[in-house]
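Scroll down for the structure; my scribbles are underneath it.
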Amino acid sequence: MVVRKAVLPVAGWGTRFLPATKAMPKEMFPIIDKPVIQFIVEECLSANIENVIFVTGRHKRPIEHHFDINTDLEKHLEQCGKTDLLRNIMEISRLINPIYIRQKEQLGLGHAVLVAEPVVGYEPFVVALGDIIVRDNKNILERMMEVYNRFGKSVIAVFEVDRKDVSKYGIIYGRHIEKDIYIIDDLIEKPKPKEAPSNLAIVGRYLFTPRIFEKLKVTPPGKGGEIQLTDAIKLLIEDEAVYAIKIDAKVYDTGTPLGYIQTVLDFALHRDDLREDLILYLKQLLSSSIPQIDTV
Ligand code: G1P
């Protein structure tokens, strides 16, 4: 069955970025000149996803505006002869077919995915987290779809992390069946390094059979009192196989201040118009004394 729909949970408060996120969704933070969420939408579109379903909250309206057609702005850019910019802003709003659905209460990632059930229906679908950007030569969602087409079961993307970082992620334990592919035997959300069954961390890209909804409905609150998607997957593996695909991509977590700064820097270093001046600036910065934190 073709995977046509992607669910992007974007309702979170973004508390790690307050006060910036009081009125501005963290998913709209710019990576230089493109908001984080657009990278994820582009990833979905290039994997031929037809419907992008945003699970949003009350302070997330800028995301909806961003993917609308803005005729006033388009007219203005046309009149100024800014054709490159015009093409740029026209493209994404013409390609995307968005659906917005509200998560009325923020009860966790698992709950956010469950909110999308009436729109997804009984078919396989992708979940792509709204603050994780993946940079890879091959579209990761397409690779996951290939695995899904072979086995007809859910597929979760994982990557290797340092042992000291396992408590930031959902961690899987799997049986290696072939190059980069595992059958998952166990998962645990944000374990202590001592408790982690491996260093294979969930990236934030999932492809689910619709049976995940049955499991989400009976998943009790877990880590942090929230309904965790990882816990629902743990229930799903009792009934049907769930595969993991290990990717070797660069994974950017823009949802933390350090991760966000690293993302902006990395993307800037890959841009011809910024690279040289930025390297010069960084060299100067690092050769001068590192600023001290003022203490009272
Ligand atoms: C979520 C998931 C976690 C996954 C992570 C990827 O956690 O619950 O399993 O590894 O995304 O970034 P969050 O970072 O939203 O707390």
Side-chain angles (χ1 to χ4, degrees), residues 6-18 21 25-27 29 36-37 39-40 43 54-57 60 103 106-116 126-136 140-141 144 154-174 182 184 186-193 195-208 212 215-216 219-237 242 244-247 249-260 262-263:
V7 174
L8 275 52
V10 292
W13 287 109
T15 39
R16 281 179 281 208
F17 278 107
L18 278 169
T21 43
K26 67 176 183 211
E27 295 82 7
F29 283 7
V36 170
I37 194 70
F39 285 90
I40 294 130
E43 184 187 328
F54 295 90
V55 180
T56 81
K60 299 290 177 149
Q103 185 185 17
Q106 297 192 11
L107 302 179
L109 177 60
H111 176 257
V113 174
L114 184 55
V115 165
V126 157
V127 172
L129 299 193
D131 51 9
I132 302 290
I133 298 176
V134 180
R135 201 211 278 274
D136 203 355
I140 172 181
L141 297 178
M144 294 166 72
S154 301
V155 186
I156 289 160
V158 295
F159 70 131
E160 282 184 289
V161 296
D162 282 347
R163 276 268 163 188
K164 64 173 175 34
D165 290 329
V166 290
S167 56
K168 295 181 192 159
Y169 300 96
I171 301 292
I172 69 139
Y173 179 72
Y182 300 76
I184 301 179
D186 199 10
L187 315 88
I188 171 163
E189 181 67 10
K190 304 198 175 79
K192 296 196 179 97
E195 295 162 357
S198 80
N199 67 337
L200 291 177
I202 298 173
V203 172
R205 298 292 184 271
Y206 312 80
L207 195 170
F208 287 118
I212 192 70
K215 303 301 169 189
L216 283 165
T219 304
K223 201 103 193 175
E226 297 189 338
I227 297 170
Q228 297 289 351
L229 188 53
T230 305
D231 294 342
I233 303 167
K234 202 174 156 83
L235 295 180
L236 185 62
I237 61 178
V242 175
I245 175 166
K246 186 172 80 157
I247 59 160
K250 184 95 181 150
V251 176
Y252 298 94
D253 182 0
T254 68
T256 67
L258 181 62
Y260 175 68
Q262 288 168 336
T263 312

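Just follow the structure's listing: the first ligand is 1, and inside any ligand the first atom is 1.
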#### Entry: I132 contact mode with ligand 1 (heavy-atom cut-off under 4.0 Å)
side chain

### Task
Check each atom of ligand 1 against the heavy atoms of V203 and keep those under 4.0 Å away; list them by number with element.
6 (C), 12 (O)

#### Entry: Any side-chain heavy-atom pair of D131 and K26 under 4.5 Å
yes

#### Entry: Nearest heavy-atom neighbours spanning I247 and F159
O-CB, 3.7 Å

### Query
Quick one: does K190 get an N or O within less than 3.5 Å of an N or O on ligand 1?
yes

### Task
Report the part of I202 (side chain from C-beta onward, or backbone N, CA, C, O) that has a heavy atom under 4.0 Å from ligand 1; answer both or neither where that applies.
both

#### Entry: N or O pair under 3.5 Å between E189 and ligand 1
yes

### Query
At the 4.0 Å heavy-atom cut-off, does D131 count as touching ligand 1?
no

### Task
Tell me whether the centres of the aromatic rings in F39 and Y252 are closer together than 6.0 Å.
no

### Task
Take every heavy atom of T230, measure it against each atom of ligand 1, and state whether any distance is under 4.0 Å.
yes

### Query
Do the side chain of E27 and the main chain of I37 share a donor and acceptor less than 3.5 angstrom apart?
no

#### Entry: Partner of I202 under side chain to side chain contact (heavy atoms under 4.5 Å, CB included), chosen from L129, I132, I172
I172

#### Entry: Closest non-hydrogen atom pair between A201 and V161, with its separation
CB-CG1, 3.8 Å

### Query
Taking all atoms of both residues into account, what is the closest heavy-atom pair of P193 and V166, and its distance?
CA-CG2, 3.5 Å

## Note on the structure
One finds that the ligand 1 atoms under 4.0 Å from a non-hydrogen atom of G170 are 3 (C), 4 (C), 9 (O), 10 (O)

### Query
Would you say atom 8 (O) of ligand 1 touches the protein, meaning some protein heavy atom is under 4.0 Å from it?
yes

### Message
I need the atoms of ligand 1 closer than 4.0 Å to a non-hydrogen atom of L129, numbered in the order shown.
### Response
1 (C), 11 (O)

